[in-house]
Amino acid sequence: MPLSDYVVTDDLTIVLGVIGISVYLLQNFYKPQPLVHPILLGRQSDVGRVRHPGETPVYRNYSTGLMGRFPIRPDKDVNVVNDMVRPQFEARRTLWSTKITNAQLNERVNAFGIGISRILQEDSNVLLLLNDGIEFLIADLALAKHSIASMTLCSLKLLSRVLEAHPPTAIIVDADFVPLLLEVIYDAREYDHKIIVVGKYERQNLSKAPRQMEVVPWAQIEADGANTSEPVPATTQRPDDPYTLVFFDTPSGQMQAVRFTHENMTSGVAAIRSLFPPSMALSSVDTIVSNHSLSTPYGRAIAYTALYENTSFATIDSTRMFDIARVGDNKSPTNDAHLHDLADVLSARRHPIPHPTVLFIGPGHLEDLTSSILKHARESWLYSFAWRHKLAAFAEGFLSKDSLWDRTVFDSARERVLGGMANALKAVIISGGPISSEVLTPARIALSLPIINVHVSPWVSGPVFATQALDAQVLPPGDEPAHVGGPSVNVEAKLRGVKDTYLERENEDPVGEIVVRGPSVGVRVGEEPGNMAWQETGGVGCAMTNGAFKVIGVCTA
């Protein structure tokens, strides 16, 4: 019998068959493709083949490779931090509340450098007690240009200890902080300082100043340097010359002093630029907003990245340390608590900068920002459909803010929370503490932007670890905390104190103390400079099989 006698068809069967084939083809050919190849996410580090007992092998960034050279500078013409202000950029950009060109910035740097070098002797050092602002950048660049060491504090608690153990020649301070500074100076019994005051101050605030203490307004130094007829030549700088000291306290309460060279800082800038793939590279049309104080190495590297790219730049309220201080019971200045929330992120609006395109924020900022956006998104009856479709796209490694579900649900929610910033944002970098995997997935859905999870350390000017910008993996529940990717392009990392038996057991990742080395890693004061010495970061980490790391605690010993 012919086949047609066994297969009976009608018009409805044919229509259903065509629909089924069409759905199959659409699902396979129009399914979103992953933005980054799975192989890159499955091998995020190059791992050495040799290790010492009690240690893991050396991990290095996959793009650099174990035999590759570190990109120690963002450009071949950038050797010292002063080279970050590139003369080829002529357009004005906004730094905090000041619109300025690179030529005008260099003029102010030259003027202040000449003025301050005339009142300081050789081998001087200057403590910067400044809130983030253009004066901080001018002072730092001017001191570096004249080979005058700058000093910064990562915490106000260290002020009295630094004045006693490392008394500076001069102190540049915000006017609001002068009364408290004088009180701490009296307690430390260190009076031989020159005080350079930024901003307007009342003379009565200086009535208790010791006679041997010289107080000079910032504006006077800058004006004297600009009006001089005999300019002071800048000293010749080399990449390995030290230019700043950073003081921070460890989890055990010990004060550490770390020296950074010009090369350390240019390496940090190169590492920050590598966070962004070519498709979303920084340019002069961007605006960067940061929650990291310029008093920290990482915060300063972010600011110098903005200078190098000629982007607009500002910091948010939680970075301010020297105008809200109070004296505690032990006469040690401390910070009033800042909430790392949405209001803190939006505090950048008080500066006349363009809408931010890149945010460097902390886990608390991201969590509050996400919950605020999703709160408004839930008001739409399409929210559950939009959530499922966005989650399915992330499972395929696809990330977009131009989908149907963004236009109908999430765009309006973002605009209600962020205003004009919602459409301008292109990337968010998270650092400053561990973040839960349960927070990252809702954040990616709410923002629909690359979210880069970064681990930083006061020993390192750039990122220590960083995730791939286009990594949109949805990790299984309970996989906490979220991983921080592989080592940065200018860092080598390994774990110490691991159990050697981890190699003999299946599915066991080594756990130990994180130690790093590389051109972006500073050197403890008193040690010989060099990039081949391993430095403890104070963190406890776990190395995953794909070469990514998790930071799961701190070393208190």
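Note: hydrogens, waters and symmetry copies are ignored here, and every other heavy atom, side chains too, is used. Small disclaimer: the values here were computed from a predicted structure and weren't measured.
Val246 approaches Ser295 most closely through the heavy-atom pair CG1-O, 4.0 Å. The heavy-atom pair separating Ala170 from Leu120 by the smallest distance is CB-CD2, 3.9 Å. In plain terms, the two heavy atoms of Ser461 and Ala301 that are nearest each other are O-CB, 3.3 Å. Closest approach of Cys154 and Pro297 over heavy atoms only: SG-CD, 4.3 Å. Residues Asn131 and Met321 approach most closely at OD1-N, 2.9 Å, considering heavy atoms. Closest non-hydrogen pair, Thr266 versus Pro74, comes out as O-CD, 3.6 Å.
Every salt bridge (charged side-chain N to carboxylate O under 4.0 Å, His left out) that Asp140 has, sequence neighbours left out, goes to Arg300.
In this structure, Asp132 CG and Ser293 OG are separated by 4.0 Å, a value rounded to the nearest 0.5 Å. Rounded to the nearest 0.5 angstrom, Leu130 CG and Asp174 CG are separated by 5.0 Å. Residue Asn82 holds its CG atom at 9.5 Å from CE of Met84, rounded to the nearest 0.5 Å. Rounding to the nearest 0.5 Å gives a distance of 9.5 Å between CG of Leu346 and CD1 of Ile316. We find the CD1-CG distance between Ile361 and Asp344 to be 9.5 Å, quoted to the nearest 0.5 Å. One finds the CZ atom of Arg69 at 7.5 Å from the CD1 atom of Ile72 (value rounded to the nearest 0.5 Å).
The shortest side-chain heavy-atom distance between Val289 and Ile353 falls under the 4.5 Å cut-off. The shortest distance between side-chain heavy atoms of Leu153 and Leu127 falls below 4.5 Å. The shortest side-chain heavy-atom distance between Val551 and Ile514 falls under the 4.5 Å cut-off. Looking at Val428 and Ile452, their side chains never come closer than 4.5 Å, going by heavy atoms from C-beta outward. The shortest side-chain heavy-atom distance between Val198 and Val173 does not fall under the 4.5 Å cut-off. You'll find the side chain of Asp83 reaches within 4.5 Å of the side chain of Val80, heavy atoms only. Residues His365 and Leu342 form no side-chain contact, since every pair of their non-hydrogen atoms from C-beta on lies 4.5 Å or further apart. Between Ile116 and Ile172, some side-chain heavy-atom pair lies under the 4.5 Å cut-off.
Under the 30°/60° scheme for interplanar angles, the aromatic rings of Phe177 and Phe322 are found to stand perpendicular. In this structure, Trp218 and Phe112 have parallel ring planes: the angle between them is below the 30° cut-off, well short of the 60° mark. Ring geometry for Phe549 against Phe465 counts as parallel: the plane angle stays under 30°, on a 0 to 90° scale with 60° as the upper cut.
Comment: Arg273 engages Glu309 in a salt bridge, judged by a side-chain N to carboxylate O separation of less than 4.0 angstrom. Between Glu536 and Arg496 there is a salt bridge, with a side-chain nitrogen of the basic residue lying less than 4.0 Å from a carboxylate oxygen of the acidic one. By the 4.0 Å N-to-carboxylate-O rule, Lys426 lies close enough to Asp286 to be salt-bridged with it.
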Could you walk me through whether Asn102 and Arg93 pass the side-chain contact (heavy atoms from CB on, under 4.5 Å) test, one step at a time? CA-CA 9 Å; Asn102 280 354; Arg93 40 82 180 279; 2.7 Å; yes
Thr357 vs Val285, test: side-chain contact (heavy atoms from CB on, under 4.5 Å). Steps then yes/no. CA-CA 9 Å; Thr357 59; Val285 299; over 6 Å; no
Check against side-chain contact (heavy atoms from CB on, under 4.5 Å), Leu181 and Ile195: CA-CA 10 Å; Leu181 173 62; Ile195 307 298; 4.2 Å; yes
Evaluation steps, side-chain contact (heavy atoms from CB on, under 4.5 Å), between Leu141 and Leu307: CA-CA 11 Å; Leu141 289 169; Leu307 285 184; 4.1 Å; yes
Test log, rule side chain to side chain donor-acceptor pair (under 3.5 Å), inputs Asn79 and Arg238: CA-CA 7 Å; Asn79 296 302; Arg238 298 181 303 176; over 6 Å; no
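A side-chain N or O of Ser150 and one of Thr244 form a donor-acceptor pair less than 3.5 Å apart. No side-chain donor-acceptor contact under 3.5 Å links Asp249 and Gln256. No side-chain donor-acceptor contact under 3.5 Å links Thr261 and Asp240. A side-chain donor-acceptor contact under 3.5 Å links Ser431 and His292. With hydrogens and angles left out, the side-chain atoms of Arg517 and Gln535 include no donor and acceptor closer than 3.5 Å.
The backbone N or O of Val184 lies less than 3.5 Å from no partner atom in the side chain of Ser160, so there is not a single donor-acceptor pair. A donor-acceptor distance shorter than 3.5 angstrom exists from the side chain of Thr250 to the backbone of Gln254, with no hydrogens or angles considered. Judged by distance alone, the side chain of Arg86 and the main-chain N or O of Tyr308 form a donor-acceptor pair under 3.5 Å. With Asn310 contributing its side chain and Phe89 its backbone, the two residues share no donor-acceptor pair below 3.5 Å. Side chain of Asp224 to main chain of Ile221: no donor-acceptor pair is present (N/O by atom type, distance under 3.5 Å, no hydrogens or angles). Using a distance-only test at 3.5 Å, with no hydrogens or angles considered, no donor-acceptor pair links the side chain of Ser155 to the main chain of Leu158. At least one donor-acceptor pair under 3.5 Å links the side chain of Asn490 to the backbone N or O of Ser267. Asp75 places a side-chain N or O within 3.5 Å of a backbone atom of Asp77 that can act as its donor or acceptor partner. Of the possible polar contacts, one joining the Thr101 side chain to the Gln104 backbone as a donor-acceptor pair under 3.5 Å is found. A donor-acceptor pair under 3.5 Å links the side-chain atoms of Ser312 to the main chain of Thr94, judged by distance alone.
Between Thr467 and the choices Ile430, Asn453, Leu275, Ile429, the side chain to side chain contact (heavy atoms under 4.5 Å, CB included) rule is met once, by Asn453.
At least one cation-pi condition fails for Arg259 and Tyr243: the charged atom is not both under 6.0 angstrom from the six-membered ring centre and inside a 45 degree cone around its axis.
Enclosure of atom CG in Asp123 is not indicated, since only 12 or fewer non-hydrogen atoms of other residues, nucleotides or ligands lie within 6.0 angstrom. Around the CD atom of Gln121, the shell of radius 6.0 Å holds no more than 12 heavy atoms that belong to other residues, nucleotides or ligands.
Legend: salt bridge (charged side-chain N to carboxylate O under 4.0 Å, His left out) pairs involving residues 346-370, not counting sequence neighbours, sorted by first then second residue: Asp317-Arg350.
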